[in-house]
Amino acid sequence: MTKVYVGMSGGVDSSLTAALLVEQGYDVTGVYMKNWTQDLPGMKCPWADDLADAKRVAVQLGIDFKVFDFENEYRHKVVDYMIEEYKLGRTPNPDIMCNQEVKFKLFLETALEDGADMIATGHYAKAVGGSWNMVDGKKEFNTDASHLPSTIYHLQQAADTNKDQTYFLYRVTGKALQKTLFPLGEFTKPVVRDMAKERGLITAGKKDSQGICFVGKIGIREFLSQYVEQKSGAIIDKRTGKKLGHHDGAIFYTLGQRHGLDVGGGLPYYVVGKDMDKNEVYVTTNLNDETLWRDTVGLQNLHWINSAPQPGEYKIRIRHRAPLTDAALTFTDTGVELKLHDQQRAITAGQSVVIYDGDVCLGGGIVA
RNA sequence: UGGGAUGUCGCCAAGUGGUAAGGCAUCGGCUUUUGGUGCCGACAUUCGGGGGUUCGAAUCCCUCCAUCCCAG
């Protein structure tokens, strides 16, 4: 009997994930990953409630339940990374780092050491095993051959393209996917909710979590201000060079941002750049500003789930939930250069661009 | 000190006798397992102050105040 450790966050998705695995005959253990427990000013960290919910579901399902304490590693690998990136004037994506370093590395390793054969999460994604065959001189991925030594594991988009979370998962490894189950990959969110309800899971009606897990309800700005000193600087109109107002730190602003500038009069202003040394934020009312719309992007810090792709035409995604768009990929000394067929708005340094071949998520990199 | 112009929500700005548009900002909500975007909703009993005319004024008159521009 395959022993599976399910990451249970106390939400609907991971609850149903565990329930489905039980029904499918796995030997299931629920695991709550304790990543962040600190209260923040103006917000109580909901970890205790989430843990309680996860535990209640585990009891409901009659499965073993454990807590893995990753607080230390999470703080270093995810939170520190995030703060450092912001300090450099970039806009990181901590959830991608969390998946890379914690869920599909630390959790996986810890679970395996603890006796698990596989892990599972409630992500909307598919891990598909198979191997490459030559058919009529063309490479084909044969999923029937998922037991061969040559088998590799692909990350594929979820059936529910609206909820697909492969964007957040592009930095996992094919090797990790081999040990991973994504039972929700075939279902749409409404169906998941219904199934959770049918099974009487106490989390069935729980609202989807949003925002960075540990930041939760409060904003990134409030979170960051705990770690960096607020320093007043100028908000400057890019076209006229005129000073329009003040901000409390360029670190709090990101490309394309509209709100929080407290400058008004006429048209809305959008952030089009910033200078961390001068602590200046540049804005414009020009919706077509050339730094806001780009059709080329350089990627560094590349990560490929299996192997690096050949140069050529691919689908890419610039941010979570953005539609896939066409781009030509070439390699450079430092990484990858993408030439997009259509311009995309606010491609931001520190954010990730994820590359797809059809439904298959190949990997990606971080915007230089 | 003469001459001209202007003063309507934090900002921009309609409204020239009939009982305060709209946009930005802000706030709240929705969307979203990053940031961000987007969407919806709220937001001036009051029009620089004070008088007056009128059934009725932000809109007309008087006066004061403030700001800007040109002269000096």
Side-chain angles (χ1 to χ4, degrees), chain A residues 7 9-14 17 33 35-36 46 50 78-79 81-83 85-103 121-125 158 160-171 182 184 189 192 206-224 235 237 242 244-247 250-274 281 283-285 287 289 291-293 317-323 344-354 364 366-367:
Chain A
S9 65
V12 219
D13 294 336
S14 57
T17 299
M33 283 176 246
N35 296 330
W36 184 268
D50 290 338
V78 181
V79 181
Y81 156 78
M82 186 182 94
I83 294 168
E85 284 284 289
Y86 268 110
K87 281 182 180 169
L88 292 171
R90 299 154 61 86
T91 307
N93 187 327
D95 288 351
I96 285 174
M97 193 51 74
C98 173
N99 285 327
Q100 174 177 248
E101 294 294 334
V102 179
K103 291 182 182 150
T121 69
H123 283 106
Y124 288 82
D160 186 344
T161 50
N162 187 46
K163 281 299 284 187
D164 176 63
Q165 290 169 328
T166 50
Y167 179 80
F168 292 106
L169 294 170
Y170 86 94
R171 295 189 86 85
F182 293 129
L184 302 191
K189 182 75 190 198
V192 165
K206 202 168 166 184
K207 194 176 170 355
D208 287 13
S209 68
Q210 51 186 249
I212 307 168
C213 30
F214 57 88
V215 176
K217 191 72 180 153
I218 72 165
I220 188 73
R221 183 199 182 98
E222 287 72 19
F223 178 81
L224 276 179
I235 295 174
D237 188 307
K242 211 175 140 197
L244 297 173
H246 297 276
H247 63 256
I251 191 171
F252 300 120
Y253 297 86
T254 191
L255 185 61
Q257 179 171 342
R258 166 174 177 176
H259 295 282
L261 294 162
D262 203 22
V263 289
L267 296 168
Y269 284 94
Y270 294 89
V271 174
V272 289
K274 55 182 185 174
V281 173
V283 299
T284 186
T285 55
L287 293 172
D289 183 273
T291 50
L292 216 44
W293 291 93
R317 187 167 358 240
I318 225 77
R319 76 182 95 242
H320 179 49
R321 285 176 58 80
Q344 298 288 306
R345 186 179 185 279
I347 300 174
T348 308
Q351 291 279 294
S352 286
V353 173
V354 179
I366 294 181
V367 177

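Per chain, numbering begins at 1; letters A, B, ... match sequence-line order.
Judged by distance alone, the side chains of A:Asn162 and A:Tyr124 never bring a donor and an acceptor atom under 3.5 Å apart.
With hydrogens and angles disregarded, no donor-acceptor distance shorter than 3.5 Å links the side chain of A:Arg90 to the backbone of A:Glu85. In terms of modelled atom types and a separation under 3.5 Å, the side chain of A:Gln351 and the main chain of A:Thr91 share a donor-acceptor contact. Checked by atom type and distance alone, the side chain of A:Lys189 never pairs as donor or acceptor with a backbone atom of A:Asp160 at under 3.5 Å.
Between A:His259 and the phosphate of B:rU26, there is a side-chain N or O to OP1/OP2 separation shorter than 4.0 Å. Of the side-chain N and O atoms in A:Lys103, none sit less than 4.0 angstrom from OP1 or OP2 of B:rU33. Side-chain nitrogen and oxygen atoms of A:Arg258 include at least one within less than 4.0 Å of the OP1 or OP2 phosphate oxygen of B:rC24. The phosphate of B:rU33 has neither OP1 nor OP2 within less than 4.0 Å of any side-chain N or O from A:His123.
Heavy atoms of A:Gly122 sit nowhere under 4.0 angstrom from any nucleic acid atom. Looking at heavy-atom distances under 4.0 Å, A:Ile96 makes no contact with the nucleic acid at all. Across all strands shown, A:Lys189 has no heavy atoms under 4.0 Å from either base or sugar-phosphate atoms. Note on A:Gly266: a base of the nucleic acid sits closer than 4.0 angstrom, heavy atoms only.
Along RNA chain B, the nucleotide closest to A:Leu261 and the one closest to A:Asp13 are compared, and the more 5′ of them pairs with A:Leu261. When each of A:Phe168 and A:Arg345 is assigned the nucleotide of RNA chain B with its nearest heavy atom, A:Phe168 is the one assigned upstream, toward the 5' end.
Each of B:rU34, B:rU33, B:rC24 was ranked by its minimum atom distance to the side chain of A:Tyr167; first place goes to B:rU34. Of the candidates B:rU26, B:rG35, B:rU33, B:rU26 carries the atom nearest the A:Asp262 side chain, counting heavy atoms from C-beta on. Here the side chain of A:Arg319 is nearest to one of B:rA25, B:rC30, B:rU34, namely B:rU34. Relative to the side chain of A:Lys207, the nucleotides B:rG35, B:rU33, B:rU31 differ in distance, and B:rU31 lies closest. The side chain of A:Arg321 sits closest to B:rU31 out of B:rG36, B:rU31, B:rC24. The side chain of A:Ile220 sits closest to B:rG35 out of B:rA25, B:rG35, B:rU33. When the nucleotides B:rG35, B:rU33, B:rC24 are ranked by their closest atom to the side chain of A:Gln351, B:rG35 comes out on top. Nearest to the side chain of A:Tyr270, among B:rG35, B:rU37, B:rU33, sits B:rU37.
A:Glu101 is linked by a salt bridge (charged side-chain N to carboxylate O under 4.0 Å, His left out) to A:Lys77, A:Lys105, counting only residues two or more places apart in sequence or in another chain. In this view, A:Thr161 satisfies the side chain to side chain donor-acceptor pair (under 3.5 Å) rule with no residue, not counting sequence neighbours.
Computed from coordinates, the A:Tyr269 OH to B:rC12 P distance equals 11 Å when rounded to whole Å. For A:Leu255 and B:rG36, the CG to P distance is 13 Å, given to the nearest whole Å. The nearest whole Å value for the distance from the CD1 atom in A:Ile83 to the P atom in B:rG35 is 15 Å. Note: OH (A:Tyr170) to P (B:rU34) measures 15 Å, nearest angstrom. Atom P of nucleotide B:rU34 and atom CD of A:Gln257 are separated by 15 Å, given to the nearest angstrom. Computed from coordinates, the A:Asp289 CG to B:rU37 P distance equals 15 Å when rounded to whole Å. The interatomic distance linking A:Arg317 (CZ) with B:rG35 (C1') rounds to 17 Å, in whole Å. Per the geometry, NE2 belonging to A:His246 stands 18 Å off P belonging to B:rG10, to the nearest Å.
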Open item on the list: Please convert RNA chain B into dot-bracket. A pair counts if it is Watson-Crick or G-U wobble with both distances under 3.5 Å; crossing pairs go in [ ] and bases paired with another strand get |.
Closed with: ((((((((.[[[..)..(...]]].(((((.......))))).....[[[[[..)....]]]]]))))))).
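Comparing the P positions of B:rG56 and B:rG18 gives a spacing of 15 Å, expressed to the nearest Å. Between B:rA57 and B:rU37, the distance separating the two P atoms is 45 Å to the nearest Å. For the C1' atoms, the distance linking B:rU19 with B:rU54 amounts to 14 Å, nearest Å. Comparing B:rU53 with B:rU45, their P atoms sit 26 Å apart, to the nearest whole Å. Taking atom P on both B:rG72 and B:rC55, the two are 49 Å apart, rounded to the nearest angstrom. B:rG2 and B:rU63 have their P atoms separated by 14 Å, given to the nearest Å. If you take atom P in B:rU46 and the same atom in B:rC27, they sit 25 Å apart, rounded to whole Å. Comparing B:rC12 with B:rG17, their C1' atoms sit 27 Å apart, to the nearest whole Å.
With hydrogens and angles ignored, no donor-acceptor pair closer than 3.5 Å exists between the side chain of A:Thr348 and the base of B:rG36.
Judged by a 6.0 Å distance limit and a 45° cone about the ring axis, A:Arg345 is positioned over the six-membered ring of A:Tyr270.
Side-chain contact check for A:Arg319 versus A:Asn93: every heavy-atom pair is 4.5 Å or farther apart.
Ring geometry, A:His123 versus A:Phe182: the interplanar angle exceeds 60°, so the pair is classed perpendicular (tilted spans 30 to 60°).
Salt-bridge formation is detected for the pair A:Asp208/A:Lys163: a Lys NZ or Arg NE/NH1/NH2 atom is positioned less than 4.0 Å from an Asp or Glu carboxylate oxygen.
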